Number of protein chains: 4
Amino acid sequence: MIEPPAPETRTNRRGRRSRQEILDAAARVMSVRGYAGTSMSALSKETGLPKSAFYHHFESKAGLLSAVMEQGAHAFFAAMRETHRNPPEDGTPHERLRWYLRRTGDVMENGEEFLRLLLVLVMSREAAEAPEALQTVISVREEGRAYMAHMIRSSFAGAGEETADQVANALAAFGMAGYDGAFVALQSEGGGRPVSEWMDQLADALAALGEAIVAGGADAC
Amino acid sequence: MIEPPAPETRTNRRGRRSRQEILDAAARVMSVRGYAGTSMSALSKETGLPKSAFYHHFESKAGLLSAVMEQGAHAFFAAMRETHRNPPEDGTPHERLRWYLRRTGDVMENGEEFLRLLLVLVMSREAAEAPEALQTVISVREEGRAYMAHMIRSSFAGAGEETADQVANALAAFGMAGYDGAFVALQSEGGGRPVSEWMDQLADALAALGEAIVAGGADAC
Amino acid sequence: MIEPPAPETRTNRRGRRSRQEILDAAARVMSVRGYAGTSMSALSKETGLPKSAFYHHFESKAGLLSAVMEQGAHAFFAAMRETHRNPPEDGTPHERLRWYLRRTGDVMENGEEFLRLLLVLVMSREAAEAPEALQTVISVREEGRAYMAHMIRSSFAGAGEETADQVANALAAFGMAGYDGAFVALQSEGGGRPVSEWMDQLADALAALGEAIVAGGADAC
Amino acid sequence: MIEPPAPETRTNRRGRRSRQEILDAAARVMSVRGYAGTSMSALSKETGLPKSAFYHHFESKAGLLSAVMEQGAHAFFAAMRETHRNPPEDGTPHERLRWYLRRTGDVMENGEEFLRLLLVLVMSREAAEAPEALQTVISVREEGRAYMAHMIRSSFAGAGEETADQVANALAAFGMAGYDGAFVALQSEGGGRPVSEWMDQLADALAALGEAIVAGGADAC
DNA sequence: AATGAATGAGCATTCATTCAT
DNA sequence: CATGAATGAATGCTCATTCAT
């Protein structure tokens with residue numbers, strides 16, 4: 001005789017679901033109120049789960065943050081790779097950069113929650129108690145820079161591998177700063193301007209700076 | 001023989017001084033731990049003043065934040081105007097932009113505390129209880145953009161007033177994003193790269209984008 | 001070998017009991033020191049429970065007061081109805097009033113705590129933050145008056161229903177004032193005089209006033 | 001040549017005036033919020049005087065309460081004696097009691113503030129720190145009882161001095177309870193019924209009880 | 001796996017009071 | 001006589017966390 005799980009069963013086997021609900025709520029609330037500004041009680045109210053459930057699934061508040069960041073990072077870069085699956089195989093660097101960055105802007109819009117929390121953690125040390133989360137932050141920044149370098153390198157592939165590398169190294173940090181700055185502006189000034197416009201302008205700038213490097217050799221940093 | 005007032009006198013009658021000490025400590029600590037992450041007790045320990053003294057000088061924690069932001073904003077823009085007192089009267093837009101932005105970078109280094117707190121407030125809503133502080137944040141962003149426009153306009157003055165205006169309007173937001181993004185990078189990756197390099201690269205990008213606008217008319221946004 | 005639960009076990013799982021302990025302590029202390037004069041810390045010391053336990057069981061200090069008043073009112077009127085279960089079915093109004101009021105006096109002695117807190121809340125607005133408690137106060141006064149009317153009406157039942165009603169309406173408020181005034185005197189002058197004497201005298205007065213109404217029709221208010 | 005006091009002089013010589021302002025504000029606020037519920041800060045805001053001024057004029061919060069009570073008691077009994085200056089020299093005890101109590105009701109209406117604070121102090125021990133004030137409370141109750149006895153004795157003077165004394169002793173406490181109870185009712189139920197009606201009914205009751213004593217000798221307590 | 005009760009440290013804020021000017 | 005600044009204890013309340021069931 002089969003005992004089908006009641007649709008609103010109070011028993012166990014909701015483990016995985018609860019865990020994910022908690023992670024989602026934590027990402028949502030912490031990205032808005034910051035880590036210190038988010039209390040376990042608030043998350044308990046938000047999810048309807050008792051506070052003790054949080055400690056069943058996570059070691060501590062800091063551990064919860066770490067898990068949130070890890071999952072967010074994973075999703076973010078997965079989305080990035082996914083959206084860039086079929087890059088253009090020719091075209092000017094400018095065109096290619098536009099293609100890359102436009103898509104990158106789409107990912108920004110979807111990963112707003114994660115990026116907001118990431119930047120808050122970057123700026124303030126309010127989560128000093130969560131070293132794992134801080135480690136994730138550092139990795140994400142690093143990987144982000146690497147990804148930006150990859151996009152630039154690909155876009156300048158036509159200029160030769162060595163040159164493309166040189167350009168990518170020179171501009172990756174600046175590209176990422178443009179990305180971060182655009183995100184800050186979007187958070188601050190709201191929808192005054194669509195993301196795509198920010199990304200196009202960034203592509204324009206990177207293209208111009210890159211061409212200068214290609215043309216001049218080592219004259220620009 | 002003169003009896004100088006003991007430098008560490010425990011008297012009252014030091015109203016203004018206490019107030020400023022509190023403001024300084026609050027700016028320092030809040031910029032590091034965020035608003036929610038900064039407790040009045042922590043500030044009390046930091047300053048040596050009892051908690052009640054804080055409520056003598058400020059209405060509440062939110063009121064203290066507002067005062068911190070106001071004073072920080074005032075100092076920031078004062079430093080900006082001061083450092084740009086004798087702008088170059090000729091030279092290429094590129095040279096002029098470099099001059100402006102280099103100095104702007106110096107102000108960034110001195111105003112790190114203020115800018116960090118500002119960005120944290122921009123990103124998270126953790127200070128929703130301090131509407132005056134949020135208002136200051138908005139004003140600062142606005143004024144910052146206007147200042148960036150002013151620098152670009154001045155740099156392109158040689159191309160005619162109307163063109164300079166057009167360039168400034170088209171690039172001010174991007175310039176500010178570059179500034180913000182560089183600040184984020186500095187907070188995150190630390191001193192891997194001096195501010196001046198960031199600012200030079202930003203000047204290069206703005207110059208290139210600006211020249212394109214001057215050359216092409218309305219082809220770039 | 002049986003391990004009986006230690007009678008003073010420090011376990012949790014005693015939700016109801018803790019709640020009741022808190023209510024009792026609050027009733028006791030608040031009735032003596034007033035609402036504003038009673039601190040949560042004092043109640044914490046009194047009960048041995050940590051302050052946070054209070055907020056687990058009640059929303060706030062005001063909510064605690066409301067619960068105290070509600071439970072007190074419930075117990076008070078239950079005791080009243082209980083003590084008057086078998087009223088005399090004949091006798092003069094004077095005799096019957098004495099029977100009723102004597103028993104009412106007993107309830108006063110047992111409900112001293114509740115009545116003291118009730119009167120403090122009636123007199124001062126010190127619990128303005130607890131509107132539910134104030135509502136209870138109003139209900140209790142109303143119900144008290146109705147109960148006094150019921151006692152008078154029953155006592156004068158021999159004079160016909162209409163007359164009894166008339167007498168009850170005319171004297172209920174005065175009867176209640178006598179009850180309140182006697183309680184005040186007992187609080188103030190202490191045991192100079194037993195409650196029964198106060199109640200007898202009140203019965204005498206109500207009987208005399210009532211007879212006058214019965215005799216004269218509408219000549220007394 | 002007369003030096004008129006400048007209407008808004010900032011200098012001294014406002015001592016007496018400040019003191020009285022403080023006393024008035026304290027009586028007003030404490031009678032509404034209770035002693036514990038009234039903070040020195042609230043009184044400071046209410047009067048516009050700095051908190052330190054309070055300690056210039058009074059020793060402490062408890063001392064202030066004592067002064068408030070003392071002044072209130074003084075005024076209350078002065079008003080009582082004043083309003084009863086020309087008592088009726090003949091008439092039935094009933095008529096005379098009505099005359100006395102009606103006027104007593106007027107004093108109640110004017111002394112509401114004082115009586116409210118008095119009763120709160122009687123009921124709760126929230127001012128245990130102010131023994132002088134508590135002493136005043138006791139004295140006032142005592143003097144009140146004596147005054148009630150005086151009114152009854154005068155009203156029954158026609159029955160002979162000894163009998164009048166007997167009646168006064170037997171009824172003074174009850175009379176005062178009726179007075180207190182009426183005051184409680186007025187605070188609680190508000191203006192549902194004018195004071196004069198309460199006082200008339202009390203006079204009726206006292207007259208009836210008194211006549212019974214006069215008639216029966218020692219049969220009533 | 002899930003939960004209601006408990007816990008004590010810590011929170012922002014207000015308290016009565018003091019004191020130098 | 002008047003006052004603005006200071007002070008530390010206490011206020012009501014929330015925090016992250018634990019634990020028996």
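We name chains A, B, ... by the order of the sequence lines, and we start the count at 1 in each one. Model, not experiment: these values are computed from the prediction.
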Quickly, which of B/Arg33, B/Lys51, B/Arg28 forms a salt bridge (Lys or Arg N to Asp or Glu O under 4.0 Å) with B/Glu46? Name it, please. B/Arg28
Which nucleotide in the list F/dG12, E/dA16, F/dG4 gets nearest to the side chain of B/His56? F/dG4
Under 3.5 Å, is there an N or O donor on one side and an acceptor on the other linking the side chain of B/Ser52 and the base of F/dG8? yes
Could you check which of E/dA12, E/dT7, F/dT11 has an atom nearest any side-chain atom of C/Ala53? E/dT7
Pairing annotation in dot-bracket form, given for DNA chain E with Watson-Crick or G-U pairs under 3.5 Å and | for cross-strand partners: .||||||||||||||||||||
Considering every strand and a 4.0 Å limit on heavy-atom distances, what is the contact class for D/Thr38: base, sugar-phosphate, or nothing? sugar-phosphate
Provide the closest heavy-atom pair for C/Phe54 versus C/Leu49 in the form atom of the first, atom of the second, distance. CE1-O, 3.9 Å
B/Tyr55 ring centre to B/Lys61 NZ or CZ under 6.0 Å, with the angle to the axis within 45°? no
Side chain of C/His57 - closest among E/dT13, E/dA2, E/dA6: E/dA6
List for me each residue that meets side chain to side chain donor-acceptor pair (under 3.5 Å) alongside B/Glu59, sequence neighbours excluded, and say none if there are none. none
Nucleic acid contacts of residues 58-65 of chain B, taken as heavy-atom distances under 4.0 Å to DNA chain F: none
Under 4.0 Å: is that the gap between some side-chain N or O of A/Ser41 and OP1 or OP2 of F/dC15? yes
Please examine the side chains of C/Arg19 and C/His56, heavy atoms only from C-beta on, and report whether any two atoms are closer than 4.5 Å. no
Go through E/dT7, E/dC15, E/dA12 for me and flag the one nearest to the B/Tyr55 side chain. E/dA12
